[in-house]
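One structure is given below, encoded as structure tokens.
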Amino acid sequence: MATGTRDVVPAGHEVRQCDGALSRAFQFLGKRWNAMLISVLGSGPAGFAELKRVLGISDSMLSDRLSELAGAGLVVRRVEEGPPVAVTYELSESGLALLPVLREIGSWARENLES
């Protein structure tokens, strides 16, 4: 028996109603580099230079995205007094909670979208 649209819509939601939370999530995660930064930081804390090297991103874009992710509570910036001063970035609990979702989206994309 085929599953209809109504079977996958959470109780209390209208079928044709846009989910505002989902829309906000994709506005945020759909920004270039945000999801990739979260994915890279899923392997553990990293410094600015390492993130820049791994992603091939400009200094200003990386700085903007890290600030945005930190402001959203997904990334924590840690400063270790030196010398030399060391700054690392790591995922917060909220950021860690996104990792399984990003893995599932990646799996779906590999299975359903042409390269």
Side-chain angles (χ1 to χ4, degrees):
M1 181 170 164
T3 301
T5 303
R6 292 196 181 272
D7 295 334
V8 296
V9 175
H13 284 79
E14 292 295 320
V15 173
R16 297 191 185 267
Q17 185 177 31
C18 178
D19 187 326
L22 185 60
S23 178
R24 285 192 311 278
F26 275 106
Q27 284 174 350
F28 183 77
L29 292 173
K31 283 188 179 178
R32 188 166 188 198
W33 305 113
N34 281 355
M36 289 182 279
L37 274 165
I38 292 167
S39 180
V40 169
L41 289 172
S43 298
F48 191 92
E50 181 182 0
L51 292 170
K52 180 181 174 183
R53 181 179 42 79
V54 168
L55 295 170
I57 185 174
S58 72
D59 286 352
S60 62
M61 182 62 73
L62 180 55
S63 180
D64 288 348
R65 292 300 180 237
L66 286 169
S67 293
E68 183 176 26
L69 291 169
L74 299 174
V75 169
V76 176
R77 181 179 187 263
R78 301 223 187 270
V79 179
E80 296 177 30
E81 298 303 323
V85 173
V87 178
T88 58
Y89 299 88
E90 63 184 282
L91 293 178
S92 66
E93 286 186 37
S94 294
L96 289 168
L98 270 174
L99 291 175
V101 175
L102 293 177
R103 284 188 202 106
E104 285 297 318
I105 291 171
S107 293
W108 175 85
R110 280 187 292 282
E111 294 170 11
N112 295 283
L113 299 177
E114 294 182 25
S115 308

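Between L66 and F48 the shortest side-chain heavy-atom distance falls below 4.5 Å. Counting heavy atoms from C-beta on, the side chains of L37 and V75 never come closer than 4.5 Å. Contact of the L91 side chain with the L74 side chain is not registered, since no non-hydrogen atoms from C-beta on lie closer than 4.5 Å. L51 has its side chain out of reach of I57: every pair of non-hydrogen atoms, C-beta onward, lies at least 4.5 Å apart.
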Working note: L96 + L99, criterion side chain to side chain contact (heavy atoms under 4.5 Å, CB included); need CA distance, chi angles, decisive distance, verdict. CA-CA 5 Å; L96 289 168; L99 291 175; 3.9 Å; yes
For V101 and L29, run side chain to side chain contact (heavy atoms under 4.5 Å, CB included): C-alpha distance rounded to whole Å, both residues' side-chain angles, the deciding distance at 0.1 Å, then the answer. CA-CA 11 Å; V101 175; L29 292 173; 5.8 Å; no
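Under the 4.5 Å side-chain heavy-atom criterion for Ile, Leu, Val, Met, Phe, Trp and Tyr, Y89 and V85 are members of the same hydrophobic cluster. Tracing side-chain contacts under 4.5 Å through hydrophobic residues (I, L, V, M, F, W, Y), one reaches V79 starting from L62; they form part of the same cluster.
In this structure, E93 has no side-chain contact (heavy atoms from CB on, under 4.5 Å) partners at least two apart in sequence or on a different chain. For E68, the side-chain contact (heavy atoms from CB on, under 4.5 Å) criterion is met by F28, K31, N34, R65, not counting sequence neighbours.
Within the structure, side chain to side chain donor-acceptor pair (under 3.5 Å) contacts touching residues 94-106 (residues at least two apart or in different chains) do not occur. Pairs of residues two or more places apart, or lying in two chains, never qualify as side chain to side chain donor-acceptor pair (under 3.5 Å) while including a residue from residues 37-50. Identified under the salt bridge (Lys or Arg N to Asp or Glu O under 4.0 Å) test for residues 73-83, with sequence neighbours left out: R78-E90.
In this structure, CG in L113 is found 10.5 Å from CD in E111, a value given to the nearest 0.5 Å. In this structure, CD1 on I105 lies 4.5 Å from CZ on F26, to the nearest 0.5 angstrom.
Within the hydrophobic cluster formed by Ile, Leu, Val, Met, Phe, Trp and Tyr side chains joined at under 4.5 Å, directly or through other members, V76 stands alone, with no partner residue.
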